[in-house]
Amino acid sequence: EKGSYDHYMLKEINEQPMALRQTLHGRIDGSDVVLEDFPPGSFEDVSNVQFVACGTSYHAGMYGERLLSDWGINADTFIASEYAAYPAPVDENTLVIGVTQSGETADTLEALQRARDRGARTLALTNVIGSTAARTCDDALFIRAGPEIGVAATKTFSSQVATLVLLGERLVRDVTGEPTEGHEQRLRALEALPENVESVIETTDAEAVSRRCLGDNGHFFIGRGSAFSVALEGALKFKEITYEHAEGFAAGELKHGPLALVTSETPVFAIGTGQHLNRLESNVREIQTRGGPVVAVGPRTASQLAQTADEFLPVPATHPDLVAALANVQLQLIAYHAANEMGRSIDKPRNLAKSVTVE
Ligand code: F6R
């Protein structure tokens, strides 16, 4: 089933363009979003959105939250296991979105149950038709990424983000009566996402760059906004399959503590979306002053960032809302190649299961 690939993870990374085409298929019609079960007006009563999720799906939820907030919708993201014990206030105008690839994650199901019990409307954003989340929520929206075998979630993150952009466009129109600002360019960029991911996969230098990260003390990932969620995701992927220490931070938080950890043996991956790049560049210089090597990941057009960093992994220049999703593919490949070089059990990392059905 792996075909010519050594691991499911690499196969699934490479399947992303195809998975994204399935995710988007028939859902964009010119300047409109067409979401099968959600005709215009489906979300007109929504006043705020809460994402509940675990792990990689939590990072996708956070990505969605950053975009929704930017588009004027009240949105928050919660770790499902926390929410299950310490739920946030909701009312009947709260839409609680459980982001869950499998639709079977016990913590996420419990968080959704809590939200439902307290009168919120619940929506499962999932890959699995007929899953518990899909069956028990008021609504379900499918990411259509196809089966994912590798324990490390890859293509499902990309498809979750793409689906969240579509859902976000629908929500904003329903809630405000207007499309999002710049929706035309964003939808065109979403249509171009599969080929842009393809171009990252075809041209990446991640394997060579990953070799420089072996034997280091720690690996840090920083970004702002959607790139912060991808920094957390890049670190999770790296730690779960290499077993090396990795951590993600909001770029602005570095100087509030983590900078103390930076030495010549802690490579830092700095992810830029194309917005607020001068701030990221000054973070890069702060790291370099402490001797930390910096690998920047950002749009090809970010020439200043590319020049400042020690290494640069470019992604196609696209709408700033989608750059971090492309940068994430570079980070998936960094984690994969580092783990492969170290001879790790990539598809079944120690101590981890694909679907965590216990609390
Ligand atoms: C990491 C990973 C996990 C899952 C998490 C949630 O690569 O796969 O962190 O994302 O267990 O799983 P789902 O999305 O099935 O609820």
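All values derive from a computational prediction rather than experimental measurement. In this chain, residues are counted from 1 in sequence order. Indexing begins at 1, ligand by ligand and atom by atom, following the structure's order.
There is no side-chain donor-acceptor pair under 3.5 Å between T156 and Q101.
Residue R279 places its CZ atom among 12 or fewer non-hydrogen atoms of other residues, nucleotides or ligands, all under 6.0 Å distant. Counted within 6.0 Å of CD on E181, heavy atoms from surrounding residues, nucleotides or ligands total 12 or fewer; the atom is thus considered open.
Closest to atom 16 (O) of ligand 1 among all protein heavy atoms lies T105 OG1, 2.5 Å. Ranking protein heavy atoms by distance to atom 2 (C) of ligand 1, first place goes to T56 OG1, 3.7 Å. Atom 7 (O) of ligand 1 has its closest protein heavy atom at E240 OE2, 2.4 Å. In terms of protein heavy atoms, atom 14 (O) of ligand 1 is closest to S57 OG, 2.5 Å. What sits closest to atom 15 (O) of ligand 1 on the protein, heavy atoms only, is S102 OG, 2.7 Å.
Residue contacts with ligand 1 include V151, since one or more of its heavy atoms lies under 4.0 Å from the ligand. For K237, the closest heavy-atom approach to ligand 1 falls below 4.0 Å. Residue-ligand proximity: C54 is placed with a non-hydrogen atom under 4.0 Å from ligand 1.
Remark: R66 is not positioned above the aromatic ring of F228, lacking an NZ or CZ atom under 6.0 angstrom from the ring centre and at most 45 degrees off the axis.
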Let me see the working for E247 and K239 under salt bridge (Lys or Arg N to Asp or Glu O under 4.0 Å), right down to the final yes or no.
CA-CA 8 Å; E247 225 177 317; K239 76 180 85 165; over 6 Å; no
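Of the listed residues (V356, T154, L236), the one carrying the non-hydrogen atom nearest atom 11 (O) of ligand 1 is V356.
Tested against V209 for a side chain to side chain contact (heavy atoms under 4.5 Å, CB included), the candidates L333, V295, V297 yield a single pass: V295.
For ligand 1 and A152, the ligand atoms under 4.0 Å from any heavy atom of the residue are 7 (O).
Between Q160 and ligand 1, no N or O atom pair is found at a separation short of 3.5 Å. The N/O atoms of A153, backbone and side chain alike, include one that comes under 3.5 Å of an N/O atom in ligand 1.
F51 has its ring centre no less than 6.0 Å from the ring centre of F78.
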